[in-house]
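Heads up, the thing below is written out as structure tokens.
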Amino acid sequence: MRCSSYFLPTLKENPSEAKVPSHRLMLRSGMIRMVTAGVYNWLPLGLRVIRKVENIVREEMDKAGAQEVFMPMVQPAELWQETGRWDKYDTGLLLKFKDRHDHAACLGPTHEEIVTDLFRGNVKSYREVPVMLYQIQTKFRDETRPRFGIMRGREFMMKDCYSFDINPENALKSYNIMKDAYHKIFTRLGLDYRVVLSDSGDIGGDLSEEFQVLAENGEDDLLFDPNGEYAVNVEKHNPEKCNIPEDELQKAKGIEVGNIFYLGETYSKPMKAQIRLQDGSDVNAFMGCYGIGVSRTVAAAIEQNNDEKGIVWSKEMAPFNVGLINLRIKDDECNKVAEEMYELMQQKGIEVLYDDRDENAGTKFANMDLIGLPWQAVIGPKSIKNGEIEWKNRKTDEHINLPIGTFPEGI
RNA sequence: CGGGGAGUGGCGCAGUCUGGUAGCGCAUCUGGUUUGGGACCAGAGGGUCGUAGGUUCGAAUCCUAUCUCCCCGACCA
């Protein structure tokens, strides 16, 4: 992609409304723009990062045996009335409205009702389970106080997965398969995270764990013992069940990027989602649900990886692998080398953002540092007269000169 | 929802107390000089001050209402 034709509106100054690094940097680097409180446009650069996260999530979900579906954003009131959640959320996050037939509906904040309805209408036999269905989709929760950019938005991108089994034992197997997949996902994304026990809240069920990215600006308070025996969200902390002395517990702030719930019959019972067993009897499906805040994960990664110059992307999440900087767009030699390198990288499948604008060196460096691609390839008269290109590692700030047409290791 | 702060060209802000119809930096456009860390010179365009009422000869400035955004708290499958 060429900067000269890329829709990438960067900001030199900090927008006044952005108080945390991720929000500030996402606005400045041209990843997002706010439409209204908690609702954002994702611009091309930001969307590329979202897609990277989505693809990793998708790969690991598929490997774990889950199957991708796509459920509706608009959900009829009836299904929510079946579980009692229509009235329960009357004061809160459900954004309700009526269609032209005066039919009550809501924007989906989560999909337990929808997926349970899908399951009960189409799965009847123990032979057909376990079933794990997931989607990556926009959610809407009418939060009373959206904040920190997309960290707590009202509309956001989420991966939600649901499992169905014939008994608690099998359901826990599904739960653990998902837990394992989550470890793989957050490890691949290069995030420093902890798994903590959490309160199930309104979703119900009796076992839930959260995947928390450690960050100063996290909204959740965590407690864990250094040996890893005990780790909780403070809302779940129970001194009686904790063998560790209070003063030996470590405290940390976390951003909840994923959570997994064992639901049991919470939804299948009121919605009569039953499975016929070998002996001809029917049992309620034992369910689990598993969420990952895809857009929030992007913010969490930035909270954890930034410096005074801007974002520092991991290889897996970076919107492009390389930022190619041509310092002298009007110099024939520089231009020739830059164009050749741009072509070569594309041929090699290296995703490259080519700054081909007629700007000052300082502007280009500052912009590329802000965007935070893992590598910068700098083409200027100094290096090409030796037949070399200067490569800069954004994270380590190491500079190395390599012959034109070659690449640093690990790119 | 309670408390606090703020709305003035695209962005960041000054002006408001002590009314006299708007200013600065960045960005944008034109021309030129530049080009290894957000360069310089000259010129140009762009706002009627969140919105609605009111007071006044006159309102960005005073009064009332309202909308929006941000922060703290409560809330947050």
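First the proteins, then the strands, lettered A, B, ... as listed; each starts at 1.
What you find for Asn233(A) and Asp221(A) is that their closest heavy atoms are OD1-O, 3.5 Å.
Checked against the 6.0 Å centroid criterion, the rings of Trp391(A) and Phe407(A) qualify as a close aromatic pair. For Tyr134(A) and His111(A), the ring centers are positioned 6.0 Å apart or more.
With hydrogens and angles left out, the side chain of Arg145(A) and the base of C1(B) share no donor-acceptor pair within 3.5 Å. Scanning atom types as modelled, one donor and one acceptor separated by under 3.5 angstrom connect the side chain of Glu390(A) and the base of G36(B). With hydrogens and angles ignored, a donor-acceptor pair under 3.5 angstrom links the side chain of Asp369(A) to the base of G37(B).
The pairing partner recorded for G47(B) is none, the criterion being a Watson-Crick or G-U wobble arrangement whose two distances lie under 3.5 angstrom. When both pairing distances are held under 3.5 Å, G36(B) makes no Watson-Crick or G-U pair with any nucleotide shown. Using N1 to N3 plus N6-O4 or O6-N4 for Watson-Crick, or N1-O2 and O6-N3 for G-U wobble, each under 3.5 Å, U64(B) pairs with A52(B). If you check A42(B) for Watson-Crick or wobble pairing at under 3.5 angstrom, you find it paired to U30(B). C69(B) is paired with G5(B) under the Watson-Crick or G-U wobble criterion, all donor-acceptor distances under 3.5 Å. Base-pair partner of G25(B): C11(B) (Watson-Crick or G-U wobble, both distances under 3.5 Å). Searching all strands for a Watson-Crick or G-U wobble partner of G19(B) with both distances below 3.5 Å returns nothing.
Across all strands shown, Tyr162(A) has no heavy atoms under 4.0 Å from either base or sugar-phosphate atoms. Residue-level contact check: Asp331(A) touches neither bases nor backbone, having no heavy atom under 4.0 Å from any strand. In this structure, Lys382(A) reaches the bases: a heavy-atom distance under 4.0 Å links it to at least one base atom across the strands shown. Within the 4.0 angstrom heavy-atom criterion, only backbone atoms of the sugar-phosphate kind lie near Glu17(A); the bases stay farther away. Across all strands, Ala366(A) comes closer than 4.0 Å to base atoms (heavy-atom distances). When heavy atoms are screened at a 4.0 angstrom cut-off, Arg28(A) is found touching base atoms of the nucleic acid. Residue Asp160(A) is classed as having no contact, given no heavy-atom separation below 4.0 Å to the nucleic acid.
Judged by closest nucleotide on RNA chain B, Leu370(A) is the one of Leu370(A) and Asn259(A) placed further toward the 5' end. Across the interface with RNA chain B, nearest-nucleotide mapping of Met34(A) and Glu256(A) shows Met34(A) to be the residue nearer the 5′ end.
The side chain of Ala361(A) has G37(B) as its nearest neighbour among C71(B), G12(B), G37(B). When each of G37(B), U35(B), C70(B) is scored by its nearest atom to the side-chain atoms of Phe365(A), the top-ranked nucleotide is G37(B). Ranking G37(B), U35(B), A39(B) by closeness to the Lys392(A) side chain, first place goes to G37(B). Nearest to the side-chain atoms of Lys12(A) among the listed nucleotides G12(B), C76(B), C26(B) stands C26(B). Proximity note for Ser16(A) (side chain, C-beta onward) versus C13(B), C76(B), G38(B): the nearest is C13(B). Relative to the side chain of Phe148(A), the nucleotides G38(B), G36(B), C71(B) differ in distance, and C71(B) lies closest. Taking the side chain of Glu13(A) as heavy atoms from C-beta on, and the options G12(B), U35(B), G36(B), the nearest nucleotide is G12(B).
Straight-line distance between the P atoms of G19(B) and A60(B): roughly 14 Å, to the nearest whole Å. Taking atom P on both nucleotides, U61(B) is separated from U56(B) by 16 Å, rounded to a whole Å.
For C69(B), one of the phosphate oxygens OP1 or OP2 lies less than 4.0 angstrom from a side-chain nitrogen or oxygen of Thr36(A). Note on Thr144(A): every side-chain N or O is 4.0 Å or more away from OP1 and OP2 of A74(B).
Without hydrogens or angle criteria, Asn176(A) side chain to Leu172(A) main chain gives a donor-acceptor distance under 3.5 Å.
Considering only heavy atoms from C-beta on, Arg188(A) stays 4.5 Å or farther from Met317(A) through its side chain.
Atom P of nucleotide G36(B) and atom CG of Leu324(A) are separated by 18 Å, given to the nearest angstrom. Taking atom CG of residue Asp358(A) and atom P of nucleotide G31(B), one finds them 12 Å apart after rounding to whole Å.
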- Before giving the answer on side chain to side chain contact (heavy atoms under 4.5 Å, CB included), spell out for Met287(A) and Thr266(A) the whole-Å C-alpha distance, their side-chain angles and the decisive distance to 0.1 Å. CA-CA 8 Å; Met287(A) 294 172 57; Thr266(A) 310; over 6 Å; no
- Should Val257(A) and Tyr193(A) be marked as a side chain to side chain contact (heavy atoms under 4.5 Å, CB included) after you check the CA-CA gap, both sets of side-chain angles, and the distance that decides it? CA-CA 9 Å; Val257(A) 290; Tyr193(A) 69 94; 5.7 Å; no
